[in-house]
There are 2 protein chains.
Amino acid sequence: MAADPLSRVFSALADPTRRDMVARLAVGDATVNELAEPYLVTVQAVSKHLKVLQDAGLVSRSRQAQRRPVHLEAEIFDLMTKWIECYRRQAEERYRRLDDLLRSMPDDVEPTPRPQPRQPRQPLTQPQPLKPPQAGAST
Amino acid sequence: MAADPLSRVFSALADPTRRDMVARLAVGDATVNELAEPYLVTVQAVSKHLKVLQDAGLVSRSRQAQRRPVHLEAEIFDLMTKWIECYRRQAEERYRRLDDLLRSMPDDVEPTPRPQPRQPRQPLTQPQPLKPPQAGAST
DNA sequence: GCCGTGGTCAACCAGTTGGTTGAGGAACAT
DNA sequence: ATGTTCCTCAACCAACTGGTTGACCACGGC
């Protein structure tokens, strides 16, 4: 539950029902009952899904008489797209570099250009649970 | 297991360890042992993570003597970014329209411009398990 | 006040997930 | 052939997830 924000967002969108709700909310705010209507699950289940989306920061909720309208907070998507773009770019650049390398040496070096045998760990994603105690060490 | 591709990708990246591995792989291919080294989990656990990433189409693996180098397949990211962009754009456009609407009517209509009371369901994500039979489905 | 509507909370259950250990397969070196 | 290295498979376990039902809270209408 206390997972990092990125995990929460990815995890929230890993469920097709939740993605579907996000899609529905993209066209306009909605109440829990409205959101629940298309599915055959109970309202409580939908409420749970909504809480997951809310914990991920993907939706917010206000009060309007008895209703609790749900509102999509699209900015959180940036968190994901930034992460994705970062590593995609890295990978693409790597291809480019490898390509250049292959271009620059016709055929007189060893034919297996192992990319990097061991990188010194870089910043990476976050201060991961790298080598913590073990077995379910969920910070 | 038989989830849709989008769910598999999101789900695969919902784990910080797996994201970390993707980050590591962005700088170059690696073997299972190399990938396992920074963590305190067993190699078997890493192998499982890799299988999840592979099922999601995020990595591929070849054979090189005893080694099974893991290679990042960055194109799959497109699947996510496309989905995200689609709904983000929709949401942004909605704000724009609402903004225009508010601008065009100074103060002589009701002050609660309920977005849309019920949209006719659109294509959305996939052919969801939308209201099949049973379970209190008040038709 | 009391009731209906809209929504949440709590307890429970089944299935999945992330980890473990142990056994074993595949490709080399000798 | 035997051993070594790298990796996967199988069985098991604890924790989490997505669903259920039932109780309950917060409003607004009467």
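All values below come from the heavy atoms of this structure, side chains included, with hydrogens, waters and symmetry mates left out. Quick caveat: nothing in here was measured; it's all calculated off a predicted structure. All chains are named by letter (A, B, ...) in the order of the sequence lines, taking the proteins before the strands, and each is independently numbered beginning at 1.
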Readout for nucleotides 7-14 of chain D: B = base within 4.0 Å of protein heavy atom, S = sugar-phosphate only, - = neither; 5' to 3' it is SBB-B---
Figure out the CZ/P separation between A:R18 and D:dT17, and round it to whole Å.
9 Å
How many whole angstroms separate atom CG of B:L35 from atom P of D:dC6?
14 Å
For the pair made of CG in A:D15 and C1' in C:dT16, what is the distance, rounded to whole Å?
13 Å
Which residue, A:R67, A:R24, A:H71, A:Q64, forms the side chain to side chain donor-acceptor pair (under 3.5 Å) with A:D29?
A:H71
Would a distance-only check, ignoring hydrogens and angles, find a side-chain to backbone donor-acceptor pair under 3.5 Å from B:S7 to A:A14?
yes
OP1 or OP2 of D:dG19 under 4.0 Å from side-chain N/O of A:H49
yes
Please figure out whether A:S11 or A:A65 has its closest DNA chain D nucleotide nearer the 5' end.
A:S11
Measuring only between side-chain heavy atoms, which start at C-beta, is A:L58 closer than 4.5 Å to A:F77?
yes
Could you check if a side-chain atom of B:V70 sits within less than 4.5 angstrom of a side-chain atom of B:Q54, using non-hydrogen atoms only?
no
Rounded distance (Å) that lies between atom P of C:dG18 and atom CG of B:D20:
15 Å
Got a sec, which residues hit salt bridge (Lys or Arg N to Asp or Glu O under 4.0 Å) with B:E85, two or more places apart in sequence or on another chain?
B:R88, B:R89
Residue pair A:R68 / A:L50, side-chain heavy-atom distance below 4.5 Å
no
